[in-house]
Amino acid sequence: MAESYLIRGASLADGTTSDILLDGGIIAEVGTGLSAAGARVIDADGLIALPGLVDLHTHLREPGYEQSETILTGTRAAAAGGFTAVFAMANTAPVADTAGVVEQELALGDAAGYATVQPIGAVTVGLQGERLAELGAMARSRANVRVFSDDGFCVSDALLMRRALEYVKAFDGVIAQHAQEPRLTQGAQMNEGALSGELGLAGWPAVAEEAIIARDVLLAEHVGSRLHICHVSTAGSVDVIRWAKARGIQVTAEVTPHHLLLTEDLISGYDARFKVNPPLRRREDVEAVRAALADGTIDIVATDHAPHPSESKECEWDAAANGMVGLESALSVVHASVVENGLLDWTDVARVLSQTPARIGRIRGHGEAIAVGAAPEIVLYDPSASRSWGTADLAGRSVNSPYLGRTLPGRVVATFHHGYATVLDGAVLETAEIAAAAGEARA
């Protein structure tokens with residue numbers, strides 16, 4: 001029989017304090033002074049209870065790149081960060097461009113039990129940008145794919161992008177675009193500007209992102225379909241998205257935690273932990289994306305969790321892989337970058353890290369407010385904690401975090417997925433225990 005939990009004295013996102021009973025696969029009661037015979041009591045005094053976090057942009061690497069991450073290790077990292085659902089990007093080997101591959105990913109996520117794994121399907125066969133993948137077959141599969149992306153590669157062919165937008169409209173899908181004009185960024189190593197000139201590194205101009213976004217919002221308007229912009233990083237991109245939304249175009253956008261906090265200045269030491277695509281930008285861009293998240297122009301925060309083995313980062317800058325791990329640190333970075341300065345409150349955090357990403361991805365049973373009858377997907381977060389980030393804080397297979405040695409606020413104390421705990425007292429529970437709990441939840 002599945003264990004029940006009584007979370008006592010938690011602060012909800014709206015500032016009220018409540019007890020929460022998880023029992024029978026639902027949130028059974030919410031109120032004060034609750035009791036439940038046999039329930040495991042969690043003292044949540046001083047903790048914030050948020051709906052389980054949902055990441056619309058995660059690289060789990062399996063199948064094909066298991067030396068970097070697996071679905072098991074990646075979802076362990078997700079649980080450690082308070083995530084109960086992750087959308088797995090399609091750049092695997094084989095590429096997730098068929099019903100068979102996305103169904104395999106779905107099954108591996110269910111078996112691991114740490115978080116719901118919702119596959120993202122490739123837009124084009126093999127991520128090659130030449131012809132559309134099996135979008136309809138993936139949508140009809142058991143994985144019920146609704147988000148499609150060639151992330152890591154821009155769908156740069158305008159006609160192909162139009163056809164993709166037209167195709168997914170039939171089943172309420174969305175194309176998530178990696179906005180990067182390839183010919184403007186060939187050989188790029190960092191943000192284009194004065195600093196790239198000083199360091200002698202080829203620049204990645206902001207206009208390469210902004211031009212693709214401008215083109216694609218117009219295509220989305222013409223077709224009448226949904227478009228999502230991945231990892232927005234420039235002030236100009238914000239302006240284009242704000243204009244498109246004012247025009248009524250169906251566009252949503254995400255920003256990563258690292259683009260909310262880190263700037264291009266960090267690259268001066270040639271530490272490849274800070275090499276990412278799109279690159280870290282200017283302080284002015286960071287301020288712009290923070291403001292856009294606060295005013296709703298940017299809809300969500302998504303991690304772009306991109307694990308790499310050490311040899312891919314401990315090398316010369318130009319040979320190093322792009323990407324950072326981010327699942328475990330996301331909530332703390334959001335806390336540091338937009339909560340501590342008053343741009344967002346905890347209700348907003350629940351919106352941008354749970355409710356809206358679940359809505360954009362059309363995933364059920366996630367992103368629901370903590371209320372009686374809702375899915376028991378919850379994270380308990382201690383906002384008063386503070387710690388120097390180290391490899392011990394990483395629960396995945398790779399350690400390419402840009403925050404190592406940096407002091408970050410907050411700590412995930414507990415995560416509940418399908419009503420069972422995946423994290424307690426800040427520690428990720430063992431694989432066998434989670435697999436057993438997941439099996440009981442499915443029974």
Side-chain angles (χ1 to χ4, degrees), residues 57-61 64-70 73-74 77 81 89 91 93 151-154 178 180 182 184-206 208-209 230-231 233-234 255-283 285-286 302-330 332-333 336-337 388-408:
H57 191 150
T58 304
H59 298 272
L60 293 180
R61 305 301 193 206
Y65 304 106
E66 289 84 358
Q67 71 275 22
S68 299
E69 194 78 283
T70 67
T73 62
M89 275 293 174
N91 55 342
D151 184 63
F153 299 94
C154 178
H178 174 98
Q180 177 184 0
L184 290 175
T185 55
Q186 190 170 5
Q189 294 290 317
M190 67 169 292
N191 181 53
E192 182 179 278
L195 184 58
S196 65
E198 292 174 17
L199 298 178
L201 296 174
W204 201 119
E209 176 174 302
C230 297
H231 39 52
S233 68
T234 78
V255 62
T256 69
H258 48 271
H259 285 114
L260 288 170
L261 186 65
L262 308 178
T263 62
E264 65 175 1
D265 307 273
L266 293 164
I267 294 166
S268 297
Y270 298 98
D271 184 340
R273 288 184 299 128
F274 302 114
K275 187 177 182 183
V276 66
N277 186 13
L280 301 181
R281 302 287 191 181
R282 306 166 304 157
R283 171 56 56 183
D285 295 305
V286 170
T303 72
D304 194 8
H305 175 81
H308 292 290
S310 58
E311 59 268 22
S312 294
K313 285 291 189 177
E314 296 174 0
C315 58
E316 297 84 359
W317 177 273
D318 62 351
N322 286 305
M324 306 167 170
V325 293
L327 284 167
E328 299 98 328
S329 53
S332 287
V333 176
S337 59
S388 178
W389 204 257
T391 55
D393 297 300
L394 303 175
R397 179 160 284 184
S398 296
V399 296
N400 54 305
S401 169
Y403 309 111
L404 298 178
R406 181 187 286 259
T407 298
L408 293 176

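Basis for what follows: all heavy atoms, side chains included, without hydrogens, waters or symmetry-related copies.
In terms of heavy-atom proximity, Glu328 sits nearest to Ala77 at OE2-CB, 3.3 Å. Annotation for His308 and Asn400: closest pair N-OD1, 3.1 Å, computed over non-hydrogen atoms. Of all the heavy atoms in Thr303 and Ala330, the pair that sits closest is CG2-CB, 3.8 Å. Ser233 approaches Asp285 most closely through the heavy-atom pair O-CB, 3.5 Å. Smallest separation of non-hydrogen atoms from Trp389 and Leu408: CE3-CD1, 3.8 Å. Smallest separation of non-hydrogen atoms from Trp317 and Asp271: CZ3-O, 3.2 Å.
Here Asp318 contributes atom CG and Tyr270 contributes atom OH; the two are 10.5 Å apart, rounded to the nearest 0.5 Å. Atom CZ in Arg273 sits 10.5 Å away from atom OH in Tyr403 (nearest 0.5 Å). In this structure, CD1 in Ile267 is found 9.0 Å from CZ in Phe274, a value given to the nearest 0.5 Å. Rounding to the nearest 0.5 Å places CZ of Arg61 at 5.5 Å from CG of Asn91.
Residues passing the salt bridge (charged side-chain N to carboxylate O under 4.0 Å, His left out) test with Glu209, sequence neighbours excluded: Arg281. Partners of Thr234 by side chain to side chain donor-acceptor pair (under 3.5 Å), not counting sequence neighbours, listed by chain and number: Glu210, Ser237. The side-chain contact (heavy atoms from CB on, under 4.5 Å) test applied to Ala392 returns no partner, not counting sequence neighbours. Contacts of Thr263 classified as side-chain contact (heavy atoms from CB on, under 4.5 Å), with partners at least two apart in sequence or in another chain: Asp265, Arg283, Val286. Every side-chain contact (heavy atoms from CB on, under 4.5 Å) that Thr407 has, sequence neighbours left out, goes to Ser386, Ser388. With sequence neighbours excluded, no residue satisfies salt bridge (charged side-chain N to carboxylate O under 4.0 Å, His left out) with Arg406. Partners of Ser329 according to the side chain to side chain donor-acceptor pair (under 3.5 Å) rule, which considers only residues two or more places apart in sequence or in another chain, do not exist here. Residues satisfying the side chain to side chain donor-acceptor pair (under 3.5 Å) criterion with Thr70, sequence neighbours excluded, are Thr73. A search for side chain to side chain donor-acceptor pair (under 3.5 Å) contacts involving Asp151 returns His57, His59, His178, His231, not counting sequence neighbours. Pro309 is linked by a side-chain contact (heavy atoms from CB on, under 4.5 Å) to Gln67, Ser68, Glu311, Ser312, counting only residues two or more places apart in sequence or in another chain.
Sequence neighbours left out, the pairs with a member in residues 392-402 that pass salt bridge (Lys or Arg N to Asp or Glu O under 4.0 Å) are Arg387-Asp393.
No donor-acceptor pair under 3.5 Å is formed between the side chain of Lys313 and the backbone N or O of Met324. Formation of a donor-acceptor pair under 3.5 Å by the Gln186 side chain with backbone atoms of Leu184 is not found in this model.
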Name every donor-acceptor pair, under 3.5 Å, that has one atom in a side chain of residues 192-202 and the other anywhere in the protein, sequence neighbours excluded.
unit_1, atom_1, unit_2, atom_2, d
Ser196, OG, Gly193, N, 3.0
Ser196, OG, Gly193, O, 2.7

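By the 4.5 Å heavy-atom criterion applied to side chains, Leu280 and His258 are counted as neighbours.
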